[in-house]
Amino acid sequence: MLRMSTLFLRTLRDDPADAEVPSHRLLVRGGYIRRAAPGGFTWLPLGWLVYRNVERVIREEMDAAGFQEVHFPALLPREPYEASGRWVEYGPNLFRLQDRRGNDFLLAPTHEEMFTLLVKDLYSSYKDLPLSIYQIQTKYRDEARPRAGLLRGREFVMKDSYSFDVDDEGLQRSYDRHRDAYVRTFDRLGLPYVIVAAVSGAMGGSASEEFLAPIDVGEDTFVRCTSCAYAANVEAVEVPVPADEPYDDAPPAQVADTPGTPTIQTLVDFLNTHDELRRPDRDWTAADTLKNVVLTLRFPDGSTEPLAVGVPGDRDVDMKRLEAQVAPAVPEAFDEAAFAARPELAKGYIGPGALGTGSTSGIRYLVDPRIVAGTRWVTGADTVGHHVVGLVAGRDFTPDGTIEAAEVRDGDSCPACGSPVELARGIEIGHIFQLGRKYAEALGLTVLDQHGKTVTVTMGSYGIGVSRAVAAIAEASHDELGLCWPREIAPADVHVVVAAKGGGPQGPAAERLAAALEAAGVRVLFDDREGVSVGVKFKDAELLGVPTIAVVGRGVTDDESSSTIEIKDRRSGDRSDIALADAVEHLRSLCAP
RNA sequence: CGGGAUGUGGCGCAGCCUGGUAGCGCACCUGCUUUGGGAGCAGGGGGUCGGGAGUUCGAAUCUCCCCAUCCCGACCA
């Protein structure tokens, strides 16, 4: 039994100044966590109870699916990550350190390499597969900007699983089993989620889906179709490619004097206010223009390469989408010095003429997939103050390829069915993907198949953010008064509050009730504090968020048989009085329906 | 990485502009009163003001550097 009189807990009346998002605010105010380091938190008794409940649910579901738990060190030597290429690829987000002899170590951000090597160490036959193993482990990432409390820390706990199969069909089966296990896990955790198509990011790999809790403070943007089941992280959205357009009758492109039009808006205004440039049928819009963005790609080894991206002028380049496309390289702005070094690029007037591997600049030029052959554009003429009108893709210029980097907007067409999509934000709580043979190849994980032939194992990788899930649940389950934990992960089932002055019958009655509940298997948080006003107790109960609150107060008299207590459902706020004599059975049934 | 804001007892803040040796609310301790919605009165303990250097007779306050936290941004051709 948790007694408030002795519990290591201090609730705060005021919000901590550095906490923005509700989960961070309420977890600190409620005495669940304390900040201990930038991006690192201490779990206090109540928080640790919640954390362990989340961990328990995850572990139970992993075990039920037949996956086996192992545990690696978090401190690892450089060599395996060197072999996989990630010592370099992971870049500055990797915590690196040295031992006293100067050997390089790292604090693991994920454990693909170690799992791969462990299986290589022990297994060598197809008969040993399939295999899925997992761990629940503290991970370290030197985030540039830790934020939002538990949602993005530099030290966090992740459950990561890996599957090992001889062939693609096996991998698909392992992937599906994990997907099912994740559905059950998040259902039990009481977390709302959307499963979206995703890109696999720095880990490499192919088929990939994310579990996103649809909450506005989340860092991921995803789209979902308003009529079909399509849902995808914006990074993974593929725009529907229109059919080529005929252009035999298209007039030749013409260079026009467009002084003072370095931006799309100034260009469109100029075109619509000069008679010789006006369209006969309608006004020009930003969508008629082709915007060319030049940037620098910085590769993990430090080398750089310029890249030009062409998008319809009414859309911005979405850096998140671009980053996902060019990973592990990182896009950077093309700064003044870079422009100065390339006089062939007229800032504000860059057109396809100066771009492409075959052009004077030699800069690789990738365009939005909507820019198909036959589409006509107004775009830069590569001279300050000049644009080209009627430039036809496929006739006047041919890009080096396409890239998914244009922003996605509410109302864009669904790639699956064509209906409008809507944008929403979410917290990534799980990510499953088919790694394939990247790590097995790099680290030499092979087995002999039934013909005695050596085959490279194919892998899947599956993660759940355990500490983040605690915050995500807090985000999904709170109100203006405080937290409202789902019962499965709450620190207790019933919060018994004594609401009476000392010396009355309420104290002893509450003591007996709490003990009886405990004996019946109900987890009790007992507010037995004396000298604390009921107002404080009620506020604390609401802040702490135990699902059921039992108030032992004025309904209790010296005649226990006619005494009543008040039961309040934290989430709905519904209250009801029940006979004290029936309380244990009533509350027990609430907890184990 | 860039920009902005902030950094003063456990928490939230004032003081800084106009230098003179630190204050308020909450929390904490003692006593009395109070007890169905963050109680009242009285008395108390706790900080040298993120760190360093400098200016000055004197620095929380002015100057410089560093660190940290939070927010915003990272390209618009």
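All values reported here derive from a predicted model rather than from experimental measurement. Throughout, protein chains are lettered first and strands after them, A, B, ... in sequence-line order, and every chain is numbered starting at 1.
Regarding A/Lys537, its NZ atom lies at a distance of 13 Å from the P atom of B/rG37, rounded to whole Å. Computed from coordinates, the A/Glu566 CD to B/rG37 P distance equals 12 Å when rounded to whole Å. Rounded to an integer number of Å, the gap from A/Arg35 CZ to B/rG12 C1' is 17 Å. Computed from coordinates, the A/Glu219 CD to B/rG73 P distance equals 12 Å when rounded to whole Å. Rounded to whole Å, atom P of B/rC11 lies 13 Å from atom CG of A/Leu44. The distance from atom CZ of A/Arg575 to atom P of B/rG36 is 14 Å, rounded to the nearest whole Å. The CZ atom of A/Arg154 sits 8 Å away from the P atom of B/rA68 (whole-angstrom rounding). The CG atom of A/Leu481 sits 15 Å away from the P atom of B/rG37 (whole-angstrom rounding).
We find that A/Asp479 and A/Arg571 are not joined by a salt bridge, their nearest charged nitrogen and carboxylate oxygen being 4.0 Å or further apart. The existence of a salt bridge linking A/Glu407 and A/Arg409 is confirmed by a sub-4.0 Å separation between a basic side-chain nitrogen and an acidic carboxylate oxygen. In this structure, A/Asp528 pairs ionically with A/Arg3, as a charged nitrogen and a carboxylate oxygen lie closer than 4.0 Å.
In this structure, A/Ile264 reaches the sugar-phosphate backbone alone: every heavy-atom distance under 4.0 Å involves primed, P, OP1 or OP2 atoms, never a base. Nucleic acid contact class of A/Val551 (heavy atoms, under 4.0 Å, all strands): base. Heavy atoms of A/Gly380 sit nowhere under 4.0 angstrom from any nucleic acid atom.
B/rG37 sits 47 Å from B/rG19 when the C1' atoms are compared, rounded to a whole Å. One C1' atom belongs to B/rC13, the other to B/rA27, and the distance between them is 14 Å to the nearest Å. B/rA39 and B/rG73 have their C1' atoms separated by 47 Å, with the value rounded to a whole Å. For B/rC16 and B/rG23, the P atoms lie 15 Å apart once the distance is rounded to whole Å. With C1' as the reference atom, B/rC24 and B/rU18 are 22 Å apart, rounded to whole Å. Comparing B/rC62 with B/rG9, their C1' atoms are spaced 26 Å from each other, to the whole Å. Nucleotides B/rG54 and B/rC72, compared at atom P, are 39 Å apart to the nearest Å. Nucleotides B/rU35 and B/rG40 have their C1' atoms positioned 12 Å apart, rounded to a whole Å.
The nucleotide whose nearest atom lies closest to any side-chain atom of A/Asp14 is, among B/rG38, B/rG36, B/rG25, B/rG25. Of the candidates B/rG37, B/rG12, B/rC76, the closest approach to any side-chain atom of A/Pro16 belongs to B/rG12. Of the listed nucleotides (B/rC76, B/rG38, B/rG37), B/rG38 has the atom at the smallest distance from the side chain of A/Leu543. Looking at the side chain of A/Arg554, the nearest of the listed nucleotides B/rG36, B/rC28, B/rG37 is B/rG36. Closest approach to the A/Ala17 side chain among B/rG37, B/rU69, B/rG12 is made by B/rG12 (side chain taken as heavy atoms from C-beta onward).
Pairing for B/rC70 is with B/rG4, a Watson-Crick or G-U wobble pair whose two hydrogen-bonding atom distances lie under 3.5 Å. B/rC62 is paired with B/rG54 under the criterion used here, namely a Watson-Crick or G-U wobble arrangement in which both key atom distances are under 3.5 Å. Applying the Watson-Crick and G-U wobble criteria (two distances, each under 3.5 Å), B/rC13 pairs with B/rG23. Across all strands shown, B/rC28 pairs with B/rG44; the Watson-Crick or G-U wobble distances both stay below 3.5 Å. For B/rG36, there is no paired base (Watson-Crick or G-U wobble, both distances below 3.5 Å).
Residue-environment remark: CD (A/Glu238) stays at or below the threshold of 12 foreign heavy atoms within 6.0 Å. Counting non-hydrogen atoms of other residues, nucleotides and ligands closer than 6.0 Å to CD of A/Glu276 gives a total above 12. Surrounding CD of A/Glu422 are more than 12 heavy atoms belonging to other residues, nucleotides or ligands, all under 6.0 Å away.
Heavy-atom distances to RNA chain B give each of A/Lys539 and A/Arg315 a nearest nucleotide, and the one nearer the 5′ end belongs to A/Lys539. Taking the nucleotide of RNA chain B with the nearest heavy atom to each of A/Asp316 and A/Phe538, the more 5' of the two is matched to A/Phe538.
Among A/Lys568, A/Arg575, A/Glu566, A/Lys537, the single residue meeting the side chain to side chain contact (heavy atoms under 4.5 Å, CB included) criterion with A/Ile549 is A/Lys568. With A/Arg315 as the partner, the side chain to side chain contact (heavy atoms under 4.5 Å, CB included) test is satisfied by one option alone out of A/Asp412, A/Val408, A/Asp368: A/Asp412.
The aromatic rings of A/His24 and A/Phe41 sit perpendicular, their planes meeting at an angle over 60°, well past the 30° parallel limit. Under the 30°/60° scheme for interplanar angles, the aromatic rings of A/Tyr140 and A/Phe95 are found to stand perpendicular.
For the pair A/Arg570 and A/Trp485, the cation-pi criterion (under 6.0 Å, within 45° of the ring axis) is not fulfilled.
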- Could you write nucleotides 1-10 of chain B as a row of B, S and -, 5' to 3', where a protein heavy atom under 4.0 Å of any base atom gives B, of only sugar-phosphate atoms gives S, and otherwise -? ---------S
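A/Asp314 and A/Thr285 are not linked by any side-chain donor-acceptor pair at a separation below 3.5 angstrom, with hydrogens and angles left out of the test. A/Thr564 and A/Asp577 share no donor-acceptor pair across their side chains, judged by distance under 3.5 Å alone. For the 3.5 Å distance criterion, the side chains of A/Arg529 and A/Ser5 fail to qualify, holding no donor opposite an acceptor.
Aromatic rings from A/Trp377 and A/Phe397 are positioned such that their centres are separated by 6.0 Å or more.
Annotation: proximity of residues 19-30 of chain A to RNA chain B (heavy atom, distance under 4.0 Å) is found for A/Glu20, A/Arg29, numbered in ascending order.
Between the base of B/rG12 and the side chain of A/Asp15 there is no donor-acceptor pair shorter than 3.5 Å.
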Are there any protein N/O atoms within less than 3.5 Å of an N/O atom in nucleotides 39-48 of chain B, and if so, which ones and at what distance?
unit_1: B/rA39; atom_1: OP2; unit_2: A/Ser533; atom_2: OG; d: 2.8

